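Inspection log for the structure reproduced underneath, given as structure tokens.
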Number of protein chains: 2
Amino acid sequence: MLSEFDLIQEYFQRPHHAARAVLGIGDDCALIAPTPGLQTAISSDMLVEGRHFFAGEDAQRLGHKALAVNLSDLAAMGARPVGFTLALALPSADRAWLQGFSQGLFALADAFNIELIGGDTTKGPLNICITVFGELRPGQALRRSAAQAGDDIWISGTLGDARLALAGYRLELKQALDAASQRAAAVRMHTPVPRVELGVLLAEQGIAHAAIDISDGLIGDLGHILKRSQVGATLDIDALPAGDILATQETALRRAYTAAGGDDYELCFTAPVASRAAILAAAASVATPVTRVGSIEAQAGLRLVGADGAPLDLQLSSFDHFTS
Amino acid sequence: MLSEFDLIQEYFQRPHHAARAVLGIGDDCALIAPTPGLQTAISSDMLVEGRHFFAGEDAQRLGHKALAVNLSDLAAMGARPVGFTLALALPSADRAWLQGFSQGLFALADAFNIELIGGDTTKGPLNICITVFGELRPGQALRRSAAQAGDDIWISGTLGDARLALAGYRLELKQALDAASQRAAAVRMHTPVPRVELGVLLAEQGIAHAAIDISDGLIGDLGHILKRSQVGATLDIDALPAGDILATQETALRRAYTAAGGDDYELCFTAPVASRAAILAAAASVATPVTRVGSIEAQAGLRLVGADGAPLDLQLSSFDHFTS
């Protein structure tokens, strides 16, 4: 039977490569040497079976997603990823599962050249808790509180395909997706790509003000920026960039899932009008599409308008873990 | 109904006091400004209902314990605590539970003047994942790999009362404890006191070599030091300081629970003979009893001897989450 220590050694302990950590897995604590002059950005996300992912979800995809949603928080702050800890509750020490999970996890970690520096494993209902660490220069963080009236609102990538895939799985769609479309949309749901390079460029170049990553749906997440910045906004709902599959669906569905789908892990950021060219150049340099979708305004509240500029009164609400 | 954001605001967001964090709860990441020249020590522990604590465990005690076991890891490294993140899966947003949990958590946090800087809350089977951050000077960490032949082995405080309380709850004892004894032993199980001040002094004064905190039982945890340091040890089992209640029990039980009880959260550390006086002085200065219980030796393996110095062959094993 696989013991806790064998499990860690076999699946999670890797040669001490490139090593940002002074001391990695295997002691009471990990040790990192912060880069002199930089601040440390820290974020924790917990993923629960049946809540954030289906029971029986593919382990490799799960390893990817668990780290991706955490890296997305660093991206939204503009911090350069350094490393992460993993705490894992597992119903049993299943080798096939551990193999897949660690592969998915480390493939993404390697893509961003970051290290697993410590953590914990225990028996229990499947629960994955990752804490990520990043670094950035003082004053460069893209805070939620920094939006200013007159700012453009930008979105990276596209929105809504993850929510569309979920609707497909749940048989919520009036017209089911064909198998190829369901698969394509599901890729967005299962393997989000955190917009780390873009977030880091926006912060390092000082060309954006506020940012957040879109996890619970754009309207709710943008709402956090508005509240913290004490501003309002007008959002052009038909300008929202829909995912490839969602773009082929009817207007009402497209509007609902781009504006309030959730699980997108794209960045929503605000930036002065004077930054437009710099933002397009920065985004192009990291091959990340960006779209302007509205404006920050002094007047409180979020106003939705359609392609014709006419106000819309849509009842869209964001995801909340305890009221939904 | 209590939403996720209300829950965080009501129970976990506090006035930004004393603030080691540049930016605390409420953005995509927390930001901390590392003290120039110091390293950051990081540890994560996950506590699962039915595994690390009973279903229905008192929330206030749980808040204390969840943070205490993490601080104990910092203590074992000799790092000075700075802050922590909390990721929490809850079956429901129960106000009474949240009230108690946050009280227990913050009472301990305040005792060590540290801050909750971020985290996550979600619905799910009760699971508490805390990641703690501390700081220490490069080269001062009490690593598991640093024990040297000739070192004394020391234990802080007393061992075994937590295990005795568990045995009482489980009706495993030949002779049940009286109610007052069960309650007294249970205090050690439910509200361990992390030996932070002692660990920090040992590291800062450079008077100890290796350290580990005793969570899975002394023999198993000391075994990690021996393995990493490539040394062996002789342990005087009758010198092990038993908890007040355990000390009144029969020899076999006392030996078993001091040597391999678990859940003690005391420090086991090794130090050169020349440090004896300094260690006693350091321990006295923070009102933490310490006891010498054996010696590190070049010969591999762990040898147990009784009060008369005669070798013992006890079958004691450490706790493992996946094989037990």
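Each chain gets a letter, A, B and so on, in the order the sequences are listed, and its residues count up from 1. Computed from a predicted structure; not experimentally measured.
At a threshold of 4.5 Å between non-hydrogen side-chain atoms, the residues B:Phe84 and B:Leu105 count as touching. In this structure, the side chains of B:Ile130 and B:Asp45 stay at 4.5 Å or more apart for every pair of heavy atoms. Counting only heavy atoms from C-beta outward, the side chains of B:Pro192 and B:Lys65 approach each other to under 4.5 Å.
Closest approach of A:Asn70 to A:Ser43, counting heavy atoms only: OD1-O, 3.6 Å.
Looking at B:Thr131, the atoms closer than 4.5 Å to chain A (heavy atoms on both sides) all sit in the side chain, from C-beta outward. Residue A:Leu142 touches chain B through its backbone alone, counting heavy-atom pairs closer than 4.5 Å. The contact between A:Ala211 and chain B is made entirely by backbone atoms, counting heavy-atom distances below 4.5 Å. Proximity to chain B is absent for every atom of A:Leu47, based on heavy atoms less than 4.5 angstrom apart. For a residue to count as touching a neighbouring chain, one of its non-hydrogen atoms must lie under 4.5 Å from one of that chain's; by this rule B:Ala141 touches chain A with the side chain only. For a residue to count as touching a neighbouring chain, one of its non-hydrogen atoms must lie under 4.5 Å from one of that chain's; by this rule B:Ile225 does not touch chain A.
Taking the ring centroids of B:Phe133 and A:Phe133, they lie under the 6.0 Å cut-off.
Residue with the most contacts toward chain B among A:Leu38, A:Asp73, A:Val48, A:Leu136: A:Asp73 (heavy-atom pairs, distance under 4.5 Å). Between chain B and the options A:Ala76, A:Ala79, A:Gly83, the largest number of non-hydrogen pairs under 4.5 Å is found for A:Ala76. Chain B forms more heavy-atom pairs under 4.5 Å with one residue of A:Met77, A:Arg143, A:Arg144 than with any other, namely A:Arg144.
To the nearest 0.5 Å, atom NZ of residue B:Lys227 and atom CG of residue B:Leu222 are 13.5 Å apart.
A salt bridge links A:Arg80 and A:Glu204; the closest N-O separation between the charged side-chain nitrogens and carboxylate oxygens is under 4.0 Å.
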